[in-house]
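Worksheet: one structure, shown below.
Start at 1 with the first residue, then count along the sequence.
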Amino acid sequence: MSVRTVALSVFALFSAAMLGLAAGAVWMVAALYLRHPLPWLALPIGALLAWTIRAGVRPPGRFAAALAASATVLAALYVNLLVAGVLIAGNMGMGLIEAMRTAGLGMLWQLTRMALSPADLAGVALGMLLAAWLAWRRPPRR
């Protein structure tokens, strides 16, 4: 492997992580606005992440599929962590950042795990599969 290939792979990994976190934040806004967890949003978010990652990773294949699936999981975990932080902030009368900093990652993770339902897990699994499949495919020739 050349230095350029390693650098591009590291950049793709970093970009996928940031895209997953951004998608989780957008998902949280929609979930809070509608006041429902919206596990079905894993499908469109996974598709958007897959198309974005596939456009940036050359050639699309296993690496792009793994990045898209992991970005989808990261988005799902992040939205649940943020929602747990919002619930703590609302119950304690604190700001979101202060509540998340006070609660800590351990408490937020436990609240996230307790709030996950089988429908949430199924939605995330389907979103991961869709993201991996879309990122694996080669884009159509024009």
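Taking CH2 of Trp27 as the reference point, atom CG of Leu32 lies at 13.0 Å (rounded to 0.5 Å). Rounded to the nearest 0.5 angstrom, Leu105 CG and Thr112 OG1 are separated by 8.5 Å. One distance of note links CG of Leu43 with CG of Leu126; it measures 5.5 Å at 0.5 Å rounding. For the atom pair CG (Leu49) and CG (Leu19), the distance works out to 6.0 Å, reported to the nearest 0.5 Å. In this structure, CG on Leu8 lies 12.5 Å from CG on Leu13, to the nearest 0.5 angstrom. Remark: Arg137 CZ to Arg54 CZ distance equals 6.0 Å, nearest 0.5 Å.
Ala132 and Ala65 get closest at one heavy-atom pair: O-CB, 3.4 Å. Taking every heavy atom of both residues into account, Ala76 and Val124 meet most closely at CB-CG2, 3.4 Å. Between Ala64 and Ile53, the shortest heavy-atom distance links the atoms O-CG2, 3.9 Å. Closest approach of Asp120 and Ala115 over heavy atoms only: OD2-O, 3.6 Å. The two residues Ala69 and Ala131 come nearest to each other via the heavy atoms N-CB, 4.3 Å. Between Ser2 and Thr5, the closest heavy-atom pair is OG-OG1, 2.9 Å.
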Going through the checks in order, is the side-chain contact (heavy atoms from CB on, under 4.5 Å) test met by Thr102 and Met92?
-> CA-CA 11 Å; Thr102 304; Met92 300 295 180; over 6 Å; no
Check against side-chain contact (heavy atoms from CB on, under 4.5 Å), Arg113 and Asn80 = CA-CA 9 Å; Arg113 283 187 41 218; Asn80 287 318; over 6 Å; no
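In the hydrophobic clustering of this structure, Leu96 groups with Val79; members are Ile, Leu, Val, Met, Phe, Trp, Tyr whose side-chain heavy atoms approach within less than 4.5 Å, directly or through other members. Hydrophobic clustering (ILVMFWY, side-chain heavy atoms < 4.5 Å, transitive): Leu74 and Leu48 are in distinct clusters. Leu82 and Ile45 fall within a single hydrophobic cluster, where Ile, Leu, Val, Met, Phe, Trp and Tyr are joined by side-chain heavy atoms under 4.5 Å apart, directly or via other members. Follow the hydrophobic side-chain contacts under 4.5 Å out from Leu38 and you never reach Val73; the two are in separate clusters. Criterion: ILVMFWY side-chain heavy atoms under 4.5 Å apart, direct or through other members. Under it, Phe63 and Val3 are not part of a common hydrophobic cluster.
Applying side chain to side chain contact (heavy atoms under 4.5 Å, CB included) to Leu111 and the options Val83, Ile88, Leu87 leaves one that passes, Ile88.
Atom CE of Met18 has more than 12 neighbouring heavy atoms from other residues, nucleotides or ligands inside a 6.0 Å radius.
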